[in-house]
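By convention in this document, chain letters (A, B, ...) are assigned in the order of the sequence lines, proteins followed by strands, and residues within each chain are numbered from 1. Heavy-atom basis, side chains included; hydrogens, waters and symmetry copies ignored.
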Amino acid sequence: MDLGAVTDQELIRRKKLDELRERGIDPYPARAERTHTAKQAKAAFERGELGPEDSVALVGRMMTRRIMGKASFAHIEDGSGRIQIYLRRDILGDETYNWFFKKMLDIGDIIGVKGPIFRTRTGEITCEVHEITLLAKTLHPLPDKWHGLTDVETRYRHRYVDLMVNPEVREIFIKRAKLVRALREYLDKEGFLEVETPILQPIYGGAAARPFTTYHNELDQTLYLRISFELYLKRLIVGGYERVYEIGRDFRNEGVSFKHNPEFTQLEFYEAYTDYHGVMRRAEELITYAVEQVNGGLQLTYQGHEIDFTPPWPRIPLRDIIHDRTGIDILQYRDPDALRQAIRKIGGNPNPEAGWGKLVDSLLSSYVEETLIQPTFLVDYPVDISPLAKRSPDNPDIAERFEGFVGGMEICNAFSELNDPLDQLDRFLEQRRALEAGDEEAHPIDEDFILALRFGMPPTGGFGMGIDRLTMVVTDKPSIREVILFPHLRTKGMPSHLPELLALKEGKPIPQSKEEESAENPD
RNA sequence: GGGGCGCUAGCUCAACUGGUAGAGCAGCGGACUCUUAAUCCGCGGGUUGGGGGUUCGAGUCCUCCGCGCCUCACCA
């Protein structure tokens, strides 16, 4: 669907602009008068604070209109909601009512009205309009007042229209903001310092992902968009802050899916003098606090599943859950080829390049992840896919790491942070070998990070969580794109409507739309 | 990247095995002073995502391309 095309309806509205200006009316004035929001006006009236002699000034977008000859009703909508307005010719006069309101205004126009509040016979609180002004003229018609806008592609590409006509979509992002605020509240209350670390990084790291690459002209330097905050936040722990967190954007140059967007919002916190068990307890507290604040309780429905966030959440060793779901005991197959053989035996198709840890991880994502509906921690991960996590004292091949799952999705990842600089060096060297062997998601060596560890980092627990995914759960949305205001979509091949727009500007007939590459996206 | 599904008026959707592209809302003209998916009468509006092909005839069949959704692969 192509919302950008210019139509005959728009030309009609375009002509109204000229007519308004000819009569000395500015269709885009700079100022508006307002005494109440729609919600405030209704509340004040219900409290009896507004009598028939009191006038309010309201603003908003006209969403519906019912003209019945010499009287009309309409709804205007502002950021607080809708309110009905009532217009009469014998109050407004012939020119204002018949010409201005009925002929010049359209659904979608942003207007201001003044007048007293009353209740109609059917009980709706309504503003009786004594003055009406145009605040911004709409050229493009609004989508269907009843069905709204449903085409997902159009909704994401032109989110403003989606927000305008689909109030439940506005609600999603209000909830998202509440969620982020609650996470901050919890961490601030617990003495965590909110910090900001570089998005443009000369060396990326902290996650297994391919980065976006960019370039600084003046410095003649290649830079990467961060794939995590981890290595910078741990430097701050070395520096002496004991509790730090950051909420911000990560960028991973990977495929997109219902749970992956190329840029996504991450929360990471690091806490000195705790380990992954301590982080698990804190994760429970943090997430339950946030869910409670947004949702008003710890039970919610996600895609038909009743989910209960009441702690404590089960802690299940990764080895056990994989054994339970697949019959494979990963510790019985320490050799990658042996594990591959076992995976084939249960009908899987293992990656021939993958090492032991990656095979274990693919078992997790293929057979376990989608079954973890209730909040669950899986603990103790392979060291070779956890290059920044501390080894278990009981088993040097296992890292003190956990991931949290809910609604069949991984939402967080945490570990006892590796603070042994020489072990860290080994892990980086191992990553470099993988990188050189063609693993595009392996880390480069960050020598300055090693230097930081050489100065000594206290025992530390670290945590990372995808805020988009948690938002999906609390808003009951099946796709990450529903909880990102402007999700990434391909723009190549989108048509340009400049010729039509120029005709519209001149008030001339609209030429036929032709497929043309957008000028901003040569390629 | 593979496979499947989709793209029809500004919006929401119809159109059987190929046979004149329709409806509701929105818009335009008219009636109507408490309506709320207002109602009633009338009218305009389409390169059926784009190109090519088969056919007397294509929204419908074939093919290439674009975009999206789902799915598999990939992916901390």
Side chains of A:T138 and A:D106: any donor to acceptor distance under 3.5 Å? no
Mind checking A:G148 for me? I need base, sugar-phosphate or nothing, with any heavy atom below 4.0 Å counting as a touch. sugar-phosphate
Verify the distance criterion only: is there a donor paired with an acceptor across the side chains of A:T197 and A:E246 at less than 3.5 Å? yes
Taking B:C65 as the reference, what is the distance to B:G18 when you measure between their P atoms (whole Å, please)? 26 Å
Modelled atom types, side-chain donor and acceptor of A:R89 and A:N98, under 3.5 Å: no
Base-pairing assignment for B:A58 (Watson-Crick or G-U wobble, both under 3.5 Å): none
Distance criterion of 3.5 Å, no angle test: do you see the side chain of A:E124 paired donor-to-acceptor with the base of B:U35? no
Report yes or no: do A:R66 and A:Q84 form a side-chain donor-acceptor pair below 3.5 Å? yes
Ignoring hydrogens and angles, state whether a donor on the side chain of A:R325 or A:T371 is under 3.5 Å from an acceptor on the partner side chain. yes
C1' atom, B:U17 versus B:C61: distance in rounded Å? 12 Å
Tell me, please, whether A:F101 has A:R65 positioned over its six-membered ring: NZ or CZ under 6.0 Å from the ring centre and within 45 degrees of its axis? yes
So, A:Y381 versus A:E403: side-chain donor-acceptor pair below 3.5 Å or not? yes
Using the P atom as the reference point in each nucleotide, state the distance between B:C34 and B:G29 in Å, no decimals. 23 Å
Return the orientation label for the A:F449 and A:F428 ring planes: parallel under 30°, perpendicular over 60°, tilted otherwise. perpendicular
Pairing check on B:U48: which nucleotide meets the Watson-Crick or G-U wobble criteria with it, both distances under 3.5 Å? none
Is B:C69 paired to anything, Watson-Crick or G-U wobble with both distances less than 3.5 Å, and if yes, which nucleotide? B:G4
Using whole Å, what does the distance between atom C1' of nucleotide B:G68 and atom OH of A:Y156 come to? 10 Å
Please give, in whole Å, the distance from B:G68 P to A:D151 CG? 11 Å
Inter-nucleotide P distance (B:G10, B:G50), Å rounded: 12 Å
Would you tell me if any nitrogen or oxygen in the side chain of A:R157 comes within less than 4.0 Å of OP1 or OP2 on B:G68? yes
Counting primed atoms, P, OP1 and OP2 as sugar-phosphate and everything else as base, the B/S/- map of nucleotides 24-34 of chain B against protein heavy atoms under 4.0 Å is BBBSSSS-BBB
For A:E77 and A:H75, test the side chains for any donor-to-acceptor distance below 3.5 angstrom and give the result as yes or no. no
With C1' as the reference atom in both, quote the distance from B:G45 to B:G52 in angstrom, rounded to an integer. 29 Å
Which residue in the set A:V161, A:T150, A:I172, A:L149 passes side-chain contact (heavy atoms from CB on, under 4.5 Å) when paired with A:N166? A:L149
Between atom NZ in A:K15 and atom C1' in B:G44, what is the gap in whole Å? 13 Å
Watson-Crick or G-U counterpart of B:C16, or none if no pair lies under 3.5 Å: none
Go through the side-chain N and O atoms of A:Y204 and A:S228 and say whether any donor and acceptor fall under 3.5 Å apart. no
B:A58 and B:A21, which share atom name P, separated by this distance in whole Å: 10 Å
For nucleotides 71-76 of chain B, just jot down a letter per nucleotide in 5' to 3' order: B, S or -, based on protein non-hydrogen atoms under 4.0 Å. ----BB
Return the pairing partner of B:G42 with a 3.5 Å limit on both distances, Watson-Crick or G-U wobble; otherwise return none. B:C28
On RNA chain B, check which nucleotide each of A:T150 and A:H75 is closest to and give me the residue with the more 5' one. A:T150
Side chains of A:I107 and A:R61 in contact at under 4.5 Å (non-hydrogen atoms): no
Rounding to a whole Å, what distance do you find between A:L3:CG and B:G68:P? 16 Å
Using the side-chain heavy atoms of A:L149, tell me which of these nucleotides is nearest: B:C11, B:C67, B:G10. B:C11
Please state the P separation for the pair B:G22 and B:C72 - nearest whole angstrom. 42 Å
Nearest-angstrom distance, P atom, B:C62 to B:G6: 11 Å
Cation-pi geometry met for A:R315 and A:F377 (6.0 Å, 45°): no
Crowding at CZ, A:R23 (>12 non-hydrogen neighbours, <6.0 Å): yes
For B:G68, does either OP1 or OP2 sit under 4.0 Å from a side-chain N or O belonging to A:R155? no
Separation of atom CD1 in A:I125 from atom P in B:U35, rounded to whole Å: 18 Å
Watson-Crick or G-U wobble partner of B:U33, both distances under 3.5 Å: none
Do any of residues 482-490 of chain A sit with a heavy atom less than 4.0 Å from RNA chain B, and if so which? A:L489, A:R490
Rounded distance (Å) that lies between atom P of B:A9 and atom CG of A:D8: 13 Å
